[in-house]
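Everything on this sheet refers to the single structure shown next.
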Number of protein chains: 2
Amino acid sequence: MENYDVKSEVTDKFSLRGRVFNKIREDILSGKYKEHEELKEVAIGEELGVSRTPVREAFRQLELEGLIKIIPNKGAYVTGITTKDVQDIYMIRSLLEGLCARWACDHITPEQMDEMEENVYLAEFHASKGHLDQMAELDNRFHDILYEACDSKMLEHLLKDFHAYVLRVRKKTLASEQRSNASNNEHRKIMEAIKEKDKDRAEKVAHQHMINAYENMMKNGLCETYDAPDPGSEQ
Amino acid sequence: MENYDVKSEVTDKFSLRGRVFNKIREDILSGKYKEHEELKEVAIGEELGVSRTPVREAFRQLELEGLIKIIPNKGAYVTGITTKDVQDIYMIRSLLEGLCARWACDHITPEQMDEMEENVYLAEFHASKGHLDQMAELDNRFHDILYEACDSKMLEHLLKDFHAYVLRVRKKTLASEQRSNASNNEHRKIMEAIKEKDKDRAEKVAHQHMINAYENMMKNGLCETYDAPDPGSEQ
DNA sequence: TTGCGTATTATTGTATACAATCTGTATAAA
DNA sequence: TTTATACAGATTGTATACAATAATACGCAA
């Protein structure tokens with residue numbers, strides 16, 4: 001009855017287990033728990049009103065998601081992201097977003113195409129009004145639509161993972177008005193290429209979009225990472 | 001002291017938790033547990049001589065690895081892999097292996113270069129003798145060396161995941177003598193390109209290597225998947 | 001026989017108890 | 001003062017007990 005997802009996310013966001021998992025995940029992504037901070041099972045359990053068991057299970061999943069690192073018999077620590085990690089992710093993403101856009105040309109549904117088009121128009125409207133929050137929201141949504149449109153559970157899951165991952169360090173990327181206009185432009189190009197089913201162009205512009213986003217982020221120092229995670233031990 | 005891995009694998013393969021996780025993982029990859037088979041916590045716990053708790057935690061991780069799907073209050077089921085999934089993975093891998101080879105040009109250590117060269121020579125030797133097991137082993141190891149040589153924890157982890165994933169369905173890919181010779185040839189080309197630090201060529205041949213492997217697998221029907229995971233419900 | 005409703009059983013979800021391990025401190029010896 | 005050691009506390013690892021849920025079997029009526 002249910003389709004068999006391959007890389008499946010946590011099955012039910014509304015089960016208790018799912019709630020615990022998502023809450024901790026949110027808290028890490030939002031920055032409530034800082035990098036390298038130790039997460040105590042009992043403390044988090046009490047905060048959420050549950051015992052250690054569901055917390056531990058959530059920890060195991062968060063470890064595989066890469067958000068925390070569990071050292072046996074010691075504890076769970078929020079992972080640090082280095083500048084190189086971010087750079088690597090953007091390079092990987094640039095390839096995969098290109099592939100995603102290519103596949104979307106063949107598999108996008110009319111509904112998804114409509115939403116993508118609407119997204120671009122809305123983003124341009126909010127850009128003209130300087131509505132930063134809405135723009136960030138629309139930017140995220142644009143990519144989600146794209147991921148869903150490629151009609152590949154594998155690729156969609158992968159890209160959503162990476163997307164969430166970089167959100168931890170990409171706090172204010174779109175803050176610059178200049179970049180947000182450029183970004184909207186690039187979204188429009190991607191959208192149009194997909195609409196015209198021009199696979200090569202779609203792949204190329206989606207690829208370039210990531211490269212541009214990355215370079216902007218780095219150029220403006222909008223990426224908060226620790227390059228020397230353990231001061232005093234190495235490098 | 002320890003470096004902070006981003007996408008970290010299960011931390012300690014030799015801890016009890018790690019052992020349970022790896023054992024179940026092995027059993028799925030080896031085919032002991034068939035696709036869509038339900039995994040019972042107590043049964044597996046008894047088999048491994050542990051209680052449900054470690055088994056459950058292993059399940060949570062296996063779910064995120066994509067090997068099983070957990071339906072709340074129902075059970076854990078070995079995921080099915082469709083032909084499309086395999087196809088998608090190979091397309092994704094072809095891009096990422098290309099990137100990996102490119103990065104390896106810059107970051108490979110002399111020791112890794114030596115091992116890769118040795119691997120190629122050994123593989124050719126065993127090919128001439130018809131030693132199938134050793135050839136499969138060397139083939140897997142070649143890719144692992146490549147993944148490690150790119151010096152990117154992110155990419156290495158991703159590719160190792162995918163690699164293990166397709167091993168589930170790619171049982172006898174190298175069985176054909178013709179393909180194994182071609183594969184060795186391609187490995188040699190990758191190795192030589194990296195040795196000469198020719199990034200463009202390295203990326204291209206690594207990319208093509210995946211495409212060829214995929215086409216061979218599909219052409220010969222060496223991929224065992226279920227395309228209709230739930231007979232009678234849809235399609 | 002078939003269909004429905006209830007009871008029983010099996011299995012998962014959660015909490016708790018206990019064991020093992022690690023960390024930090026205090027004390028004593030060099 | 002420094003170092004080593006032993007103890008105490010905290011924290012994680014595992015097992016078990018109990019609760020909730022789903023699957024099954026059974027009985028009864030149509």
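Chain letters run A, B, ... following the sequence lines, proteins first and then strands; every chain starts at 1.
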Spacing between [X] atom [atom1] and [N] atom [atom2], to the nearest angstrom:
X	N	atom1	atom2	answer
B:Glu38	C:dT11	CD	C1'	8 Å
A:Glu57	D:dT12	CD	P	15 Å
A:Leu48	C:dA15	CG	C1'	15 Å
A:Ile70	D:dT14	CD1	P	12 Å
B:Asn73	C:dT9	CG	P	21 Å
B:Glu37	C:dT11	CD	P	14 Å
A:Lys69	D:dT12	NZ	P	16 Å

Does [X] put a side-chain nitrogen or oxygen below 4.0 Å from OP1 or OP2 of [N]?
X	N	result
B:Arg52	D:dA15	no
B:Thr53	D:dT14	no
B:Arg60	C:dG13	yes
B:Lys74	D:dA23	yes
B:Lys40	C:dA10	no

Shortest side-chain distance from A:Pro72, nucleotide among D:dG13, C:dA15, D:dA15: D:dG13

Nucleotide nearest A:Ser51 (side chain, heavy atoms from C-beta), chosen from C:dT14, C:dG13, C:dC22: C:dT14

Basic-acidic side-chain contact under 4.0 Å: [X], [Y]:
X	Y	result
B:Lys32	B:Glu37	no
A:Arg19	A:Glu26	no
A:Arg141	A:Glu115	yes

Given DNA chain C, 5'-ward residue of the pair B:Glu41 and A:Gly49, judged by closest heavy atom: B:Glu41

Row check, B:Tyr90 ring normal vs B:Arg93 NZ/CZ: under 6.0 Å, within 45°: yes

Parallel, tilted or perpendicular, as decided by the 30° and 60° cut-offs, for the rings of A:His131 and A:His126: tilted

